[in-house]
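No hydrogens, no waters, no symmetry mates; every other heavy atom, side chains included, goes into these values. Letters A, B, ... are given to chains in the order of the sequence lines, protein chains preceding strands, and every chain is numbered from 1.
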There are 2 protein chains.
Amino acid sequence: MKTLKYSRQRESIKACLMARHDHPTADALYTSIREEYPNISLGTVYRNLNLLVELGEIQKLTCGDGADHFDADTSPHYHFVCKSCGQVSDMRLSPMEEINQLAQEHAEGQVDSHTIYFYGTCGHCLRNNS
Amino acid sequence: MKTLKYSRQRESIKACLMARHDHPTADALYTSIREEYPNISLGTVYRNLNLLVELGEIQKLTCGDGADHFDADTSPHYHFVCKSCGQVSDMRLSPMEEINQLAQEHAEGQVDSHTIYFYGTCGHCLRNNS
DNA sequence: TTCTATGCAAAATATTTGCACAATT
DNA sequence: AATTGTGCAAATATTTTGCATAGAA
């Protein structure tokens, strides 16, 4: 059986993710963490992010821009993705648990969960661009 | 200005995608198409899939399993992803256009669209696995 | 001491792209 | 003839992994 041992790198990764309200990619987080731990490797960041996801302590977001993003908030909520700047942000929209049941009625299998991504242009880009 | 020229490879890619009910990855589609065009290259498949997405003739699905999937059905609909076998299938669930408005009320930017992925275990895996 | 975690580099995946040549208009 | 598309291979981008060593229990 495999036990979990403490590592300050893992603590730092989780602390850093909790402190940010954007939803950084592994590489963006790696850049942040190097300020405190200049020798940390990208592999370690990936390994710990995956571990934290498995432990249910953080969440992985796949919003379609190529790289996965990470979110320290594991409570059910939805995300907004700006098609102009790529920024990923939280939506203040109450979780619609009932749509799992709705989906279940039309499904042959077992529906456990769902994700929703909203796409559009963020306030900042609306003002500055086009 | 760039004009679009006919190519039988592109026709074959679109025809092949329309004929399938699963939602293949670029590589899976490449394997299918090689039966008819053994010399087609994976790069050509990617180039044409991206082109067809830009033209709005097909849709790209990013369901979180690493590779993008493609869907010839561009009408608004949702997808189910089996966490056991990875199969991606269409949901028979009427599109909830109203949730864009709902999201808009809580957003600082402009909300244009949304995607929903349901996750769980498909009927086939429920019967065979664990 | 006994595992687990790390750093590093190489490998594995997925996707894009430069270029010479082929196909379309 | 002019321009776009293709095949091939190399390049990118993202993520994973093998291995020797460092760190935790």
Side-chain angles (χ1 to χ4, degrees), chain A residues 1-17 22-55 57-71 81 85-86 88, chain B residues 1-17 22-55 57-71 81 85-86 88:
Chain A
M1 144 172 187
K2 79 170 180 184
T3 340
L4 198 63
K5 288 188 180 174
Y6 171 86
S7 100
R8 51 190 153 178
Q9 286 91 336
R10 188 184 311 126
E11 284 309 300
S12 168
I13 286 165
K14 189 170 179 198
C16 191
L17 192 58
D22 62 337
H23 300 76
T25 61
D27 197 68
L29 205 49
Y30 169 64
T31 301
S32 280
I33 290 170
R34 287 189 95 174
E35 290 170 17
E36 193 183 356
Y37 294 95
N39 294 321
I40 199 171
S41 80
L42 188 52
T44 295
V45 174
Y46 271 106
R47 263 187 297 237
N48 280 297
L49 286 171
N50 287 337
L51 182 54
L52 291 167
V53 168
E54 278 167 39
L55 295 173
E57 294 184 30
I58 66 171
Q59 199 189 351
K60 183 184 283 191
L61 307 179
T62 305
C63 63
D65 69 348
D68 287 336
H69 294 244
F70 295 87
D71 188 347
V81 181
C85 68
V88 182
Chain B
M1 150 175 184
K2 79 171 179 185
T3 340
L4 198 63
K5 288 186 181 175
Y6 171 87
S7 101
R8 51 190 152 179
Q9 285 92 336
R10 187 183 312 127
E11 284 309 300
S12 167
I13 286 165
K14 189 170 179 198
C16 191
L17 192 58
D22 63 338
H23 300 75
T25 61
D27 197 68
L29 205 49
Y30 169 64
T31 301
S32 280
I33 289 170
R34 287 190 97 174
E35 290 170 17
E36 194 184 355
Y37 295 93
N39 293 321
I40 200 172
S41 80
L42 187 53
T44 295
V45 173
Y46 272 107
R47 263 187 297 237
N48 280 296
L49 285 172
N50 286 336
L51 183 54
L52 290 167
V53 168
E54 279 167 37
L55 295 171
E57 294 184 30
I58 67 171
Q59 199 189 350
K60 183 184 282 191
L61 307 179
T62 305
C63 63
D65 69 348
D68 288 335
H69 294 244
F70 295 87
D71 188 347
V81 181
C85 68
V88 182

Practice item. Would you indicate, yes or no, if dT25(C) has its OP1 or OP2 atom less than 4.0 angstrom from a side-chain nitrogen or oxygen of T3(B)? Key: no
Review point. What is the distance from CG of N48(A) to P of dA24(D), rounded to the nearest Å?
Key: 13 Å
Check your understanding: How long is the gap from CG on L29(B) to OG on S12(B), to the nearest 0.5 Å?
Key -> 8.0 Å
Practice item. Report yes if some heavy atom in the side chain of N50(A) is under 4.5 Å from a heavy atom in the side chain of K60(A); otherwise report no. Key: yes
Practice item. Report yes if some heavy atom in the side chain of Q59(A) is under 4.5 Å from a heavy atom in the side chain of F70(A); otherwise report no. Key: no
Practice item. Give a yes/no answer on whether the side chain of S41(B) brings an N or O atom under 4.0 Å of OP1 or OP2 in dC8(D). Key: no
Check your understanding: Can you find a pair of side-chain heavy atoms, one from R34(B) and one from T31(B), that are under 4.5 Å apart?
Key -> no
Practice item. Write down the distance between CG (L42(A)) and C1' (dA11(C)), rounded to a whole number of angstrom. Key: 14 Å
Check your understanding: Heavy atoms, side chains only, cut-off 4.5 Å: are L55(B) and L4(B) in contact?
Key -> yes
Review point. Is it true that a side-chain atom of R10(B) and a backbone atom of K5(B) form a donor plus acceptor pair closer than 3.5 Å?
Key: yes
Review point. Could one point to a donor on the side chain of K5(A) or the base of dT4(C) with an acceptor on the other under 3.5 Å away?
Key: no
Check your understanding: Which angle, to the nearest 10 degrees, lies between the helix axes at the two ends of the helix from dT1(C)-dA25(D) to dT25(C)-dA1(D), each defined by five pairs?
Key -> 30°
Study note, to complete from the structure: side-chain contact (heavy atoms from CB on, under 4.5 Å) test vs H69(A) passes for just one of T62(A), T25(A), V81(A), namely T25(A)
Revision key, fill the gap. Comparing nearest nucleotides in DNA chain C, the 5'-proximal residue of the pair Y6(A), R47(B) is Y6(A)
Review point. With no angle test and no hydrogens, is the base of dG23(D) tied to the side chain of R10(A) by a donor-acceptor pair under 3.5 Å?
Key: no
Check your understanding: If you look at every heavy atom in V88(B) and C63(B), which pair is closest and at what distance?
Key -> CG2-SG, 4.0 Å
Point to revise | Length of the line joining K2(A):NZ and dC3(C):C1', which is rounded to integer Å | key: 12 Å
**Study point:** For atom OH of Y37(A) and atom C1' of dA5(C), their distance in whole Å
**Key:** 14 Å
Practice item. Starting from C1' on dA9(D), measure out to OH on Y46(B) and report it in whole angstrom. Key: 16 Å
Review point. Taking DNA chain D as the partner, which of residues 61-69 of chain B come within under 4.0 angstrom of it by heavy atom?
Key: none
Check your understanding: Which whole-number value in Å describes the distance from K60(A) NZ to dT15(D) C1'?
Key -> 9 Å
Review point. Nearest-Å distance, CD (Q9(B)) to P (dC8(D))?
Key: 11 Å
Exercise for review: Return no unless some side-chain N or O of N50(A) is found under 4.0 Å from OP1 or OP2 of dT16(D).
Suggested key: yes
Check your understanding: Between atom CG in N39(A) and atom P in dA22(D), what is the gap in whole Å?
Key -> 13 Å
Exercise for review: Please round to the nearest 0.5 Å and tell me the distance separating atom CG of D27(B) and atom CG of D68(B).
Suggested key: 12.5 Å
